[in-house]
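This report concerns only the one structure given below.
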Amino acid sequence: MRTKDWAVRLKLAPNVQSASRAIVVGRGTAPIVKALQLLGIQDILVTDIIPETLARTKADHGSAGRLGNELGVRTWEGDFTELPAYMGPADVVVFCSPNFGTQTSAREAMTQACMTVRPGGCVLIATDVGNDWFTPNFPPQREGLASLVAGLPCRIHSEQEGQYAYCASLQVPPSYRLRSPVLLQGEVVRGFGRGSRQMGTPTANIDPAPLQAALAGMSKGVYFGWAQLVTPEGWPQADAALHKVVLNIGSRPTVNAGGEADTVECYILHDFQGGQEFYGCHLRVVAVGYLRPELKFPDLDALVARIKADVAATQLHLDSPSIADHNATAAAILLKEASAA
Ligand code: ADP
Ligand code: RBF
Ligand code: MG
């Protein structure tokens, strides 16, 4: 397909503008890079596992500084799922070949892309049908595309299959807000005792059995919101107030040896004064935003570091004016539940 045609397609993708930062992944990146440049985009990173692809890019565009603060076409050699955080964030990630720039799986590359793109940005799967690496599984057909991104924080924005090219556009939600706040409540039960507390983030596990209906509509992953504990007799009033909370809903792939049921684990951002533990108490949580999908980390240190970042993000987002209306709704829901009990 001609550069101009690609430029038109890219221009239709959400939030692709001349000031955008683009990451182009895999083989066959040359036409996409040209089209991005035609749109005035100057900050482009090309990544691939194979050095030959990158050698070609360098030959075409020269090698820009490696610092990442200079405009131009830069390259990074490696598996896309291992792209260092400092290479992001980007406004658009474009996958150009069926291996999605990784030796793991398309799904893991998509997860990485969703985490690399800024809110509101997009992930594109783009290929010239005439390429010699066109295979029956790539581009993914509509159904394949839906299952490829199921549960990830992105929605199918558009999908176009022409005579000469295929282009699917997926948009990462423009904000972390949920469509509407979700109430999750129940008894605090014992977890696997795997040491959330030792990690510095004790997690109150809510008995998931009665929550099945609410959970059915939610993606696994990390959410933030407000929690209110029905405190034991004699605990100070401050403990019973509304507190910020970050929670993980899911299967904990980093530590799950297999077969363990999903859990709802809540780290409440409050230092309880009444006591160390509140097993058996009733806990109400209203989730107002979604941070990220669950990931499988290489080790516990990486998981702990990420949870710390989740806590910081929770503080930031809950204080942001863009979520204020959801906060008010959450407070109203919790007040109503408390007075109904
Ligand atoms: P478990 O594996 O049983 O869930 P954790 O190490 O995750 O054990 O500790 C969770 C327990 O710690 C909660 O059930 C609760 O009783 C207590 N706890 C104390 N402070 C907090 C807090 N700020 N957030 C969550 N749980 C807390
Ligand atoms: N476990 C994972 O395997 N992957 C995750 O991405 C993940 N994210 C979490 C985020 C938060 C905010 C919290 C509180 C927990 C998360 N967990 C995750 C669960 C974690 O594995 C679990 O709490 C500890 O292993 C202790 O049981
Ligand atoms: Mg726990």
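- Rounding to the nearest 0.5 Å gives a distance of 4.0 Å between CG of Leu152 and CZ of Arg107.
- Other residues, nucleotides and ligands contribute only 12 or fewer heavy atoms inside 6.0 Å of the CD atom of Gln103.
- Side-chain contact between Val255 and Leu300 is present, with heavy atoms from C-beta onward closer than 4.5 Å.
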Under the side-chain contact (heavy atoms from CB on, under 4.5 Å) rule, what do Cys281 and Val230 come out as? Steps first, then yes or no, please.
-> CA-CA 6 Å; Cys281 290; Val230 180; 5.6 Å; no
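- In this structure, Asp310 pairs ionically with Arg306, as a charged nitrogen and a carboxylate oxygen lie closer than 4.0 Å.
- Atom CD of Gln276 has 12 or fewer heavy atoms from other residues, nucleotides or ligands within 6.0 Å.
- Other residues, nucleotides and ligands contribute at most 12 non-hydrogen atoms within 6.0 Å of the CD atom of Gln237.
- Here the side chains of Leu38 and Lys4 are in contact, with some heavy-atom distance below 4.5 Å.
- How far OG1 of Thr81 is from CG of Leu295: 11.0 Å, rounded to the nearest 0.5 Å.
- Between Leu283 and Ile268 there is a side-chain heavy-atom pair separated by less than 4.5 Å.
- A donor-acceptor contact shorter than 3.5 Å links the side chain of Glu294 to the backbone of Arg252.
- The hydrophobic cluster containing Val123 also contains Met87, counting ILVMFWY residues as joined when their side-chain heavy atoms lie under 4.5 angstrom apart, directly or transitively.
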Test Phe224 against His326 for ring pair (Phe, Tyr, Trp, His ring centres under 6.0 Å), laying out the working first.
-> CA-CA 11 Å; Phe224 60 87; His326 271 9; 9.6 Å; no
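- Residue Arg9 is tested with Ser169, Cys167, Ser158 for a side chain to side chain contact (heavy atoms under 4.5 Å, CB included); the sole match is Cys167.
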Passes salt bridge (charged side-chain N to carboxylate O under 4.0 Å, His left out), Asp91 versus Arg21? Steps please.
-> CA-CA 5 Å; Asp91 301 284; Arg21 186 151 209 249; over 6 Å; no
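- In this model, no donor atom of one side chain and acceptor atom of the other lie less than 3.5 Å apart for Ser322 and Arg177.
- Relative orientation of the Phe100 and Phe95 rings is tilted, given thresholds of 30° and 60° on the angle between their planes.
- Atom-to-atom distance recorded for Arg56:CZ and Thr75:OG1 is 14.0 Å, nearest 0.5 angstrom.
- In this structure, Tyr223 has its ring center closer than 6.0 angstrom to the ring center of Tyr290.
- At least one donor-acceptor pair closer than 3.5 Å links the side chain of Ser97 to the backbone N or O of Arg27.
- A donor-acceptor pair under 3.5 Å links the side-chain atoms of Ser339 to the main chain of Leu335, judged by distance alone.
- Looking only at side-chain heavy atoms (C-beta outward), Ile23 and Trp76 stay at 4.5 Å or farther from each other.
- A 4.5 Å side-chain heavy-atom check between Asp43 and Arg74 finds at least one atom pair inside the cut-off.
- Within the 4.5 Å cutoff, the side chain of Leu318 has heavy atoms near those of the Val288 side chain.
- A donor atom on one side chain and an acceptor atom on the other are not found under 3.5 Å apart for Glu187 and Tyr279.
- The side-chain heavy atoms of His61 and Ile44, taken from C-beta on, include no pair separated by under 4.5 Å.
- Between Leu12 atom CG and Gln160 atom CD the span is 6.5 Å, to the nearest 0.5 Å.
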Walk me through it: do Thr314 and Val311 pass the test side-chain contact (heavy atoms from CB on, under 4.5 Å)?
-> CA-CA 5 Å; Thr314 294; Val311 171; 5.5 Å; no
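- In this structure, the side chains of Lys244 and Asp319 come closer than 4.5 Å at one or more pairs of heavy atoms.
- Between the side chain of Gln171 and the main chain of Cys154, no donor-acceptor pair closer than 3.5 Å is present.
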Mind running side-chain contact (heavy atoms from CB on, under 4.5 Å) on Asp48 and Thr57 for me, showing each step along the way?
-> CA-CA 11 Å; Asp48 197 27; Thr57 306; over 6 Å; no
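- When each of Ile32, Val25, Leu10 is tested with Leu124 by the rule side chain to side chain contact (heavy atoms under 4.5 Å, CB included), just one qualifies, namely Leu10.
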Full working for side-chain contact (heavy atoms from CB on, under 4.5 Å) between Phe278 and Asp239 | CA-CA 11 Å; Phe278 44 82; Asp239 287 347; over 6 Å; no
